[in-house]
Amino acid sequence: MFSLVYGLWQYMFSKMEFHVLILGIDKAGKTTLLEKLKSQYLNLEGLPPDRIVPTVGLNIGRVEVSNTKLVFWDLGGQPGLRSIWEKYYQEAHAVIYVVDAACPSRFEDSKSALEKVLQHEDLQGAPLLILANKQDLEEAVSTDELAQYLDVKRLDERVFTFQAVSAFDGLGIKESVNWLVDAMERSKRAETLRLRAGSSVI
Ligand SMILES: Nc1nc2c(ncn2[C@@H]2O[C@H](COP(=O)(O)OP(=O)(O)OP(=O)(O)O)[C@@H](O)[C@H]2O)c(=O)[nH]1
Ligand SMILES: [Mg+2]
């Protein structure tokens, strides 16, 4: 009886934990975004952009939004490091795909890297948030233009959206996180990962 009540208590008051992978080619702004996220949600300073170096390993950020714990995994996007991304797919509830919207010469690279990500069966059903980053720059394209370049028509049934952001000044970041939390809470994948982990509460 005690364990039943305790289990119920845990279920009602414990927080959901979601893992979010931050992907995108090198220099898209993933780590800058992660630092901005941390500063917005944790009231910390965060690393200033000029102290951020290209990522080789993994950067982790933990924030809480309402009753939800979010764990962000930021990986390096240099070509030789992209093969590491798939090691994190199975455990990810959702993907943020960051694009430098001010650098059209690299859209093709972004597009093919994104296609590979989406083809991977370990990410089936994971909601996708595509960020058109660097909106503080005049030359940045809009989300509509970026959608055309990336040609995302073929996403079929995947839940996805585009959001214009600036990892520099924080534009669009809260809206992005709100969308993500909502999408992950609704997704069947969250339930699948919970069952696989062998418990319904964390
Ligand atoms: N103007 C502007 N520059 C940005 C923005 N976000 C990132 N940058 C710059 O873009 C460059 C790359 O940023 P990073 O955050 O290191 O990019 P990354 O995607 O983590 O790169 P890798 O770790 O190599 O995969 C840096 O010079 C950043 O200062 C932004 O929103 N606006
Ligand atoms: Mg980085």
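Indexing begins at 1, ligand by ligand and atom by atom, following the structure's order.
At least one N or O atom of T55 sits closer than 3.5 Å to an N or O atom of ligand 1. Remark: ligand 1 and G77 share an N or O pair separated by less than 3.5 Å (distance only, no angle test). For the pair P49 and ligand 1, the shortest N or O to N or O distance does not fall below 3.5 Å. Note: no N/O pair closer than 3.5 Å links P54 and ligand 1 by distance alone. Among the atoms of V53, none of the N or O lies under 3.5 angstrom from an N or O of ligand 1.
Here the protein heavy atom with the shortest distance to atom 10 (O) of ligand 1 is K134 NZ, 2.9 Å. Residue, atom and distance of the protein heavy atom nearest to atom 19 (O) of ligand 1 are K30 NZ, 2.7 Å. Among protein heavy atoms, the minimum distance from atom 17 (O) of ligand 1 is reached at G29 N, 3.1 Å. Nearest to atom 12 (C) of ligand 1 among the protein's heavy atoms is K27 CA, 3.6 Å.
Using a 4.0 Å cut-off between heavy atoms, T31 contacts ligand 1 through both its backbone and its side chain. When non-hydrogen atoms are compared, ligand 1 lies under 4.0 Å from the side chain of D136 (C-beta onward) but not from its backbone. Residue contacts with ligand 1, taken as heavy atom pairs separated by less than 4.0 Å, do not involve L81 at all. The parts of T32 lying near ligand 1 are both backbone and side chain, judged by heavy-atom distances below 4.0 Å.
There is a protein heavy atom less than 4.0 angstrom from atom 7 (C) of ligand 1. For atom 27 (O) of ligand 1, the nearest protein heavy atom is 4.0 Å or more away.
Remark: K116 NZ is loosely packed, at most 12 non-hydrogen atoms of other residues, nucleotides or ligands lying under 6.0 Å away. Within a 6.0 Å radius of CD in E139, more than 12 heavy atoms belonging to other residues, nucleotides or ligands are found.
At least one donor-acceptor pair under 3.5 Å links the side chain of R189 to the backbone N or O of A92. In this structure, H93 contributes its side chain and H19 its backbone to a donor-acceptor pair below 3.5 Å.
Side-chain contact between L180 and F18 is absent, with no heavy-atom pair separated by less than 4.5 Å.
For residue N59, no N/O/S atom approaches the Mg ion (ligand 2) to within less than 2.8 Å. The Mg ion (ligand 2) has an N, O or S atom of T55 inside 2.8 Å of it.
The shell of residues lying under 4.0 angstrom from ligand 1, judged by heavy atoms, excludes G24.
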